[in-house]
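Shown next, in structure tokens, is the structure this report addresses.
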Amino acid sequence: MKRTHHCNELRPAHIGQTVTLAGWVHSRRDLGGLLFIDLRDREGRTQTVFDPSSLPKELVDAASKLHSESVITVTGPVRQRPNGTENAKIPTGPIEVMVESFTVLNYADVLPFPVDDPEIANKVNEELRLQYRYLDLRRPEMTRNLRVRSKVATATRVFMEEQGFLEVETPTLFKSTPEGAREFLVPNRREPGTFYALPQSPQQFKQILMCAGVERYFQLARCYRDEDLRADRQPEFTQVDIEMSFIDREDIYALIEGLLKRVWNIALNIDIPTPFKRISFEEALNRYGIDKPDTRFGMELVDFTEDFRASTFKVFSGTIANGGVVKAINAKGLACATQGQIETMTEYAKSFGAKGLAFIKVEKGEWKSPIVKFFSDAEKAALTQKLAIEEGDLILFAADQWLNACEILGKIRLYCADLLKAQGKLTIAPGQFNFLWVIEFPLLGFDREQNRWYSSHHPFTAPVADDIPLLKQDPKKVRGQHYDIVVNGVELGGGSIRIHQPDVQKTIFEEILKIPPDETQLRFGYMLEAFRYGAPPHGGIALGFDRLIAILCNTPSIRDVIAFPKTAKGVCMMTDSPAGVSARQLRDLHIEVKAAPKKD
RNA sequence: GGGGGUGUAGCUCAAUUGGUUAGAGCGCUGCCCUGUCACGGCAGAGGUUACGGGUUCGAGUCCCGCCACUCCCGCCA
């Protein structure tokens, strides 16, 4: 018998109707005579009542033996619950279904972990949840995440369609482009020794689509990167990939602000204010020590380079004399930091090549610090004033070259914020979303080990027009037309205006990045060629769709918003992939495996 | 590749300085229970303390190794 309603549909208005529900046995309360079964489906749950005074004993006995998560249908009239027995916690609480007949569609064995109790289910070992993902996904929290993801995907498509974009699919069997992330390779059976590569992103195809006159392209694109994983990184993930012709940066900002406004509205019913704030890379580093600042709290970096230029404390003045800077943050109320916590922060500093971490604990009106004896009164006054030092504060210093000093304190700032949150001294409202465009990134970075320049974004990023003359004279100063969209310290996406003149592109490849011309030809020849036959100026952006959904669902791990994610070692616990293949498959692919197979 | 954390009953967790027969709640099995919704009551079953070594009169606990999961660094144009 087909169901007539879902399990979150019946209300007092249905009283008297005979209905059929189908779903999973969520919980069972056997009172000896009377038996209650909460029936659950995707939409919610409804209480059903088995009353022995009106039902055959065998039927009630059979129902009382059902394990949780068995699949049944029940049929019977909807009725108002007796006075005082309504359940205010669920929308179907005023009513119940008096069972007249029921059918077991599938008996469930005893479960490996409970799915009905959110308190326990939330704490279940993730390994187990991933192994029995179909059970995990039945939990209302996970169902909600899938639903948010689906709604946002649809909202994105509708919005992009409204804005005149075409959704175009691009190949996932691509070719290897050695720069960038490590790639997954797919052996080609037809020609021994040749391989496809799975794309890290559809970057080159979307630029070619601009040359094809598509003008406005988007795609919910699956991308693949064979790098080590994190809570916010999976080997395969989804990007909202976008590219537009005849535009400048402002068009991208406006488009994405519109898209995110729509998405937040649909997913959370929140109206986020636009336009978003913008901050340059340099300012982000200066104030927050990171290129994706979390601006929901202060604790900003303060510069003391001028105050310590002539200091007798040689660690500071010496660094400044070598072209470095001195910066500090005030972790308000963290003078209670333990030796271990100071140690952790010192390790952060050392991982950036610093020799140590200078600090001051302000306790009982005293500055407790190994270095404060070297400070003059004027230096102390400058610290007190610029950092607004008070009792209970912890001051942390970095003295190093500008970028390093900023990044050290940026790390420490986030670590201190976590400590303060744990101590209840810093609270961040859950519904707060600080969106930010980070702009004016340097186009190029310098790799000391390899003694060459590299693209800080990718080699197709256009320089800021005014800076093009600097390309050959002072590459470090060239700003790229690159932008990142950041929310609450999470990099949601990034993109750039692209180079569309083949001569500029050639200069970047050959004179700046020093890629030999024959190699340029081999790897990017088809792109340079496409740019010779009428390439419109264009630019684009890609948003990390999984991260976007994780933020909307307020979860720290993108695994919670992916139906079947992989573990940190890239294993699918449910299907046990990756796995070995037969000798015959290897032979067909002309592949010989030299490593010994892993034993179980 | 490196560093941190975790691993004890089906699940979530205890177990004092190394010391009796490794406990509890939930779940499971049986019995009782007609208005529960975390139903309740009684009884019971359930353990290679991830795995392999070692120290010790004695190891869940200490040491060495190893595996899995997880967080971070490197890496992710």
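Quick note on labels: first sequence line is chain A, next is B, and so on, each numbered from 1. Small disclaimer: the values here were computed from a predicted structure and weren't measured.
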Does [X] have a side-chain nitrogen or oxygen under 4.0 Å from the phosphate oxygens OP1 or OP2 of [N]?
X       : N      : answer
R559(A) : C71(B) : yes
K350(A) : C73(B) : no
R29(A)  : U36(B) : no

Residue matched to [N] through Watson-Crick or wobble contacts both under 3.5 angstrom:
N      : answer
C37(B) : none
G65(B) : C51(B)
G25(B) : C11(B)
G30(B) : C42(B)

What integer number of Å spans the [atom1] atoms of [N] and [M]?
N      : M      : atom1 : answer
C69(B) : U56(B) : P     : 35 Å
U12(B) : G53(B) : C1'   : 31 Å
A9(B)  : G74(B) : C1'   : 40 Å
A22(B) : U8(B)  : C1'   : 8 Å
C13(B) : U17(B) : P     : 22 Å
A50(B) : C31(B) : P     : 36 Å
C26(B) : A38(B) : P     : 14 Å
G18(B) : G2(B)  : C1'   : 33 Å

Given [options], the nucleotide with the shortest approach to the side chain of [X]:
X       : options                : result
R230(A) : C39(B), U12(B), C73(B) : C73(B)
D51(A)  : C11(B), G35(B), U34(B) : U34(B)
K569(A) : A68(B), G35(B), G74(B) : A68(B)
L31(A)  : C75(B), U70(B), U36(B) : U36(B)
S27(A)  : U70(B), C76(B), C39(B) : C39(B)
K411(A) : U36(B), C73(B), C69(B) : C73(B)

I need the [atom1]-[atom2] distance between [X] and [N], as an integer number of Å.
X       : N      : atom1 : atom2 : value
Q203(A) : C76(B) : CD    : P     : 16 Å
Q80(A)  : G35(B) : CD    : C1'   : 14 Å
E343(A) : G4(B)  : CD    : C1'   : 13 Å
D418(A) : C71(B) : CG    : P     : 15 Å
E407(A) : C73(B) : CD    : C1'   : 13 Å
N122(A) : A38(B) : CG    : C1'   : 15 Å
I408(A) : C73(B) : CD1   : P     : 15 Å
D291(A) : C76(B) : CG    : P     : 14 Å

Pick base, sugar-phosphate or nothing for [X], based on heavy-atom distances below 4.0 Å to the nucleic acid.
X       : value
L35(A)  : nothing
P82(A)  : base
Q47(A)  : base
E86(A)  : base
S351(A) : nothing
R233(A) : base

Does the distance from a Lys or Arg side-chain N to an Asp or Glu carboxylate O, for E511(A) and K506(A), drop under 4.0 Å? no

Letter per nucleotide, 5' to 3', of nucleotides 23-32 of chain B [B base touched, S only sugar-phosphate touched, - untouched; heavy atoms, 4.0 Å]: -----SS---

Would you please name every residue forming a side chain to side chain contact (heavy atoms under 4.5 Å, CB included) with [X], sequence neighbours left out?
X       : result
C211(A) : A530(A), F531(A), A535(A)
Y224(A) : T172(A), F184(A), L198(A), P199(A), R222(A), E236(A)
A62(A)  : F102(A)
A354(A) : A349(A), D400(A), I408(A)

Reading RNA chain B from 5' onward, which residue's closest nucleotide shows up sooner: K123(A) or T567(A)? K123(A)

Nearest-nucleotide check on RNA chain B, E96(A) vs H458(A); residue mapping nearer the 5' end is E96(A)

Which heavy-atom pair separates H67(A) from A108(A) by the least distance, and what is that distance? ND1-O, 3.1 Å

Return yes if a side-chain donor-acceptor contact under 3.5 Å exists between [X] and [Y], otherwise no.
X       : Y       : answer
R523(A) : Q204(A) : no
E183(A) : T177(A) : yes
Y217(A) : D241(A) : yes
R498(A) : H458(A) : yes

Donor-acceptor pairs are to be reported for all side-chain atoms of residues 73-81 of chain A against protein atoms at under 3.5 Å, with residues two or more places apart or in another chain.
unit_1	atom_1	unit_2	atom_2	d
T75(A)	OG1	T20(A)	OG1	2.9
R79(A)	NE	E96(A)	OE2	3.0
R79(A)	NH2	E96(A)	OE2	3.1
R81(A)	NE	G93(A)	O	3.0
R81(A)	NE	I95(A)	O	3.0
R81(A)	NH1	T85(A)	O	3.2

Stacking of F113(A) on C11(B) base (centres under 5.5 Å, planes under 30°):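 Here the ring of F113(A) and the base of C11(B) are not stacked, as the 5.5 Å and 30° limits are not both satisfied.
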
Considering only heavy atoms and no angle criterion, is a donor-acceptor pair shorter than 3.5 Å present between the side chain of D228(A) and the base of G74(B)? yes

